[in-house]
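In what follows, chains carry the letters A, B, and so on, assigned in the order in which the sequence lines appear, proteins first and then strands, with residues in each chain numbered from 1. Reckoned from all heavy atoms, side chains included, excluding hydrogens, waters and symmetry mates.
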2 protein chains.
Amino acid sequence: MPETFPTKPEVARPTMIDVARRAGVGLGTVSRVVNGGHGVRDETAQRVRAAIDELGFQRNEVARALRPGKKSTSLALVLGDLTNPFYATIAKSSLEVAGQSGFAVVLGSVDEDPEGEKRAIQELVSRQVAGLMIVPDQGDHAFLQGAGVPVVFVDRPATGIDADIVMVDNEGGGKLATDHLLAQGHERIAILLAPSYYTIGRRLRGFRRAHRAAGIDVDESLVIQLPEGNAEAAEKATREVMLRADPPTAIFASTNFLTEGVLRALGELGQEPAVVGFDDFRLADMLPTPVTVVASDIAELGRSAARLLLDRASGADTRPPQRIVLPCGLIERGSGERPPRSAGERNPR
Amino acid sequence: MPETFPTKPEVARPTMIDVARRAGVGLGTVSRVVNGGHGVRDETAQRVRAAIDELGFQRNEVARALRPGKKSTSLALVLGDLTNPFYATIAKSSLEVAGQSGFAVVLGSVDEDPEGEKRAIQELVSRQVAGLMIVPDQGDHAFLQGAGVPVVFVDRPATGIDADIVMVDNEGGGKLATDHLLAQGHERIAILLAPSYYTIGRRLRGFRRAHRAAGIDVDESLVIQLPEGNAEAAEKATREVMLRADPPTAIFASTNFLTEGVLRALGELGQEPAVVGFDDFRLADMLPTPVTVVASDIAELGRSAARLLLDRASGADTRPPQRIVLPCGLIERGSGERPPRSAGERNPR
DNA sequence: CTGTTAGCGCGTTCAA
DNA sequence: TTGAACGCGCTAACAG
């Protein structure tokens, strides 16, 4: 164990001036050496670099960001629950891209309410971030208009402002899932909807479009709007719908958490309608019946957002607001390939 | 849709001087109003507040952090793979605590190599964060000695520096899991070890201690050190060990990802030794055989770390480096309660 | 009570 | 090639 100093927090970090003094040169010279070192005699540069090493000097990024006109080298990321693998994946992948360009990522604290989101965003803006990546809540985002910072919305658009947006093909994914179930012969498909307005709405549109294309009417009593987006709500709703006189033969769960709740309920009921979920999740292939899902490359969602934002922040990209849509694919694992069974055939409780 | 301005990024945000001019007061007065507004006549304060609203002024946190002696209002968080729910939980919970105190959390880009971690940390330090929360990699962290920033290590200690540390009772957890298996009558228990040095080592110690206490020898061929910490490595190792002439009757998987790999292999082999995992994970209760795990309150890990760091940063806490250890509990779900079966009884492939 | 001023650490002029 | 001086936005210390 090396020598341990008893808590010595007040060791002021050396500044450029310290380095200049140490090397016996002027401030400007140090600055030039630090940023590329053009126009400095080799010998002088050597001395400066030596002083830097000896003092353990590190450029102060905060002061640097104060420089007239320039922005900081950090991006902000505002999203919901990091505990949701979906968001965690976005965080991770955007972080990677930002890091490669020397940018840090600041996470705002994200409460549930839209008011909290606005507060968090303004906090971040006041920290002079170079750009914002936002997975927006429902509230109006017009207040970002004059923020003077480029914004990229992730996963869903926001109202009140026209900015870049990176998302997945929700409607296409909804149609894909539904087509798949219809192709197995299902005609009574329930869809469970989380209370998010945009993405879920699109998935529902895909659901309806698939039915229309197949010439089958949607039973509106099977379009189930949940009060909350968690597994518990889905579990409860699944139990209810499966205990009806005429239960569905298939279920389309519109988010990963809902899928979990559906499976939990079905496990308890001992019933086995076909199930397709939206968004893949860890262990989906290891459940008693491996789960068929519609999925997209979430990591790419985060990477695209970060790349786009970095280009906007640097001024390299001045195109009008872009709209990047990533495709969805179907991953067949078993639960979505079950054939329809009539009510009489199903196992009793 | 509201009026949309075609990309107008060069709208300089208003400064305190702008507010001062607008309100017809001095700069200092504005500053006073912004920070609490003590010692300012009500009427003047009103005018200032009005000007602030009209201009949409927001305090520049960057400039604020430049103030002599003062630190910024952001903490840094350095950790591994956010895609691992374990890390994601730490991030979320520490973020919540920090946010409640008006602190933002900056995530450093985290590559795998220890060199990358050092770079990331120095990046963060150069951003003048008020404190660092680090889930350290193996490398030496002595370079943090003179950083002049409080540091809290999370989940495992680091070498080369004596700082606060918040972790779980790894050894106790290891013993708990092993005791449980021994209590079922298992005498040949395999343990799968991820290549992380500290936590895993402690869990192994608990494993050995439990054996010693029970008066049972550890078969060293069942102490399996994996080359990597992912599910694939665990899957491979499990397959190999279960196909031996004298396979174990129980397996202790030392991390959540390893547990996953173990179960995957067992599913393919059609064998059912008892299994206990370290750290709980989503869907553990929904697998074909619900998984028994040793778990601790990971969210509390993050919260404690953030709280401790905030107190250090504010100077409110000047105690010598603390060592907070959270307890582990056993969650019995089925896989860990299977009795031992002799090799002859196990199902053929 | 309120206005003014001096830095904080750095990059960028402008001279020398 | 190098040094000195100014300003970024803000707070604290000092006058008035």
Side-chain angles (χ1 to χ4, degrees), chain A residues 10-49 51-52 55-74 125-130 148-149, chain B residues 10-49 51-52 55-74 125-130 148-149:
Chain A
E10 291 314 331
V11 279
R13 266 191 290 285
T15 107
M16 269 195 185
I17 298 188
D18 299 326
V19 175
R21 264 200 283 271
R22 191 90 158 76
V25 301
L27 179 57
T29 304
V30 177
S31 174
R32 273 180 287 249
V33 171
V34 171
N35 318 18
H38 292 301
V40 178
R41 201 176 9 155
D42 254 18
E43 186 206 296
T44 318
Q46 290 299 345
R47 272 221 315 283
V48 172
R49 266 190 282 272
I52 289 179
L55 267 48
F57 166 80
Q58 269 186 265
R59 193 169 54 182
N60 183 332
E61 283 296 326
V62 172
R64 194 153 189 267
L66 204 54
R67 201 174 21 162
K70 297 296 181 182
K71 288 277 168 215
S72 75
T73 59
S74 40
V125 170
S126 80
R127 286 180 156 76
Q128 312 299 106
V129 294
V149 179
Chain B
E10 292 315 329
V11 280
R13 268 192 288 286
T15 105
M16 270 195 183
I17 299 188
D18 298 328
V19 174
R21 265 201 282 271
R22 191 90 158 77
V25 301
L27 179 55
T29 303
V30 176
S31 175
R32 274 180 287 250
V33 170
V34 171
N35 318 11
H38 291 304
V40 178
R41 199 172 14 150
D42 255 20
E43 188 206 295
T44 317
Q46 289 299 346
R47 272 221 314 282
V48 172
R49 266 190 283 271
I52 288 178
L55 268 49
F57 166 80
Q58 268 186 264
R59 189 170 57 182
N60 182 332
E61 283 296 326
V62 171
R64 193 154 190 263
L66 203 55
R67 195 176 25 157
K70 295 297 181 182
K71 289 274 166 219
S72 75
T73 58
S74 38
V125 170
S126 79
R127 285 181 157 76
Q128 312 299 105
V129 294
V149 179

Under the side chain to side chain contact (heavy atoms under 4.5 Å, CB included) criterion, do B:E61 and A:S126 qualify, and how do the steps go? CA-CA 6 Å; B:E61 283 296 326; A:S126 80; 3.3 Å; yes

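- Neither OP1 nor OP2 of C:dG9 sits under 4.0 Å from any side-chain N or O of A:R59.
- Summary of the strand contacts: B:M16 and A:G39 both lie near DNA chain D, and taking for each the nucleotide with the nearest heavy atom, the more 5' one is attributed to A:G39.
- Taking 4.0 angstrom as the limit, A:R32 places none of its side-chain polar atoms (N or O) nearer than this to OP1 or OP2 of C:dG11.
- Under 4.0 angstrom from either OP1 or OP2 of D:dC8 there lies no side-chain N or O belonging to B:T15.
- Nucleotide D:dC10 holds its C1' atom 9 Å from the CD1 atom of B:I17, rounded to whole Å.
- In this structure, B:R21 places its CZ atom 11 Å from P of D:dG9, rounding to the nearest Å.
- When rounded to the nearest whole Å, the span between CD of B:Q46 and P of C:dT2 equals 12 Å.
- Between A:T29 and D:dT2 there is no side-chain polar atom (N or O) within less than 4.0 angstrom of OP1 or OP2.
- Between B:S72 and B:R127 there is no side-chain heavy-atom pair separated by less than 4.5 Å.
- Residue B:S31 has no polar side-chain atom (N or O) positioned under 4.0 Å from OP1 or OP2 of D:dC10.
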Test side chain to side chain contact (heavy atoms under 4.5 Å, CB included) on B:V40 and B:T29 and set out the steps. CA-CA 7 Å; B:V40 178; B:T29 303; 4.2 Å; yes

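- To the nearest angstrom, P of C:dG9 lies 12 Å from CG of A:L66.
- In this structure, B:E43 places its CD atom 9 Å from P of C:dT2, rounding to the nearest Å.
- A:L27 places its CG atom 9 Å from the C1' atom of D:dG3, with the value rounded to the nearest Å.
- Across all strands shown, A:V25 has heavy atoms under 4.0 Å from sugar-phosphate atoms exclusively, and none from any base.
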Begin with the C-alpha distance, continue with both residues' side-chain angles, and end with the deciding distance and a verdict on side chain to side chain contact (heavy atoms under 4.5 Å, CB included) for A:R64 and A:N35. CA-CA 12 Å; A:R64 194 153 189 267; A:N35 318 18; 4.1 Å; yes

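- Side-chain atoms of A:R22 and A:I52, non-hydrogen and from C-beta on, never get closer than 4.5 Å to each other.
- Atom pair A:N60:CG and C:dC8:C1' shows a separation of 9 Å (rounding to whole Å applied).
- In this structure, B:Q58 places its CD atom 14 Å from C1' of D:dG9, rounding to the nearest Å.
- Distances shown here put a side-chain N or O of B:R64 below 4.0 Å from the OP1 or OP2 atom of D:dT11.
- Taking only side-chain nitrogens and oxygens, B:T44 never comes nearer than 4.0 Å to OP1 or OP2 of C:dC1.
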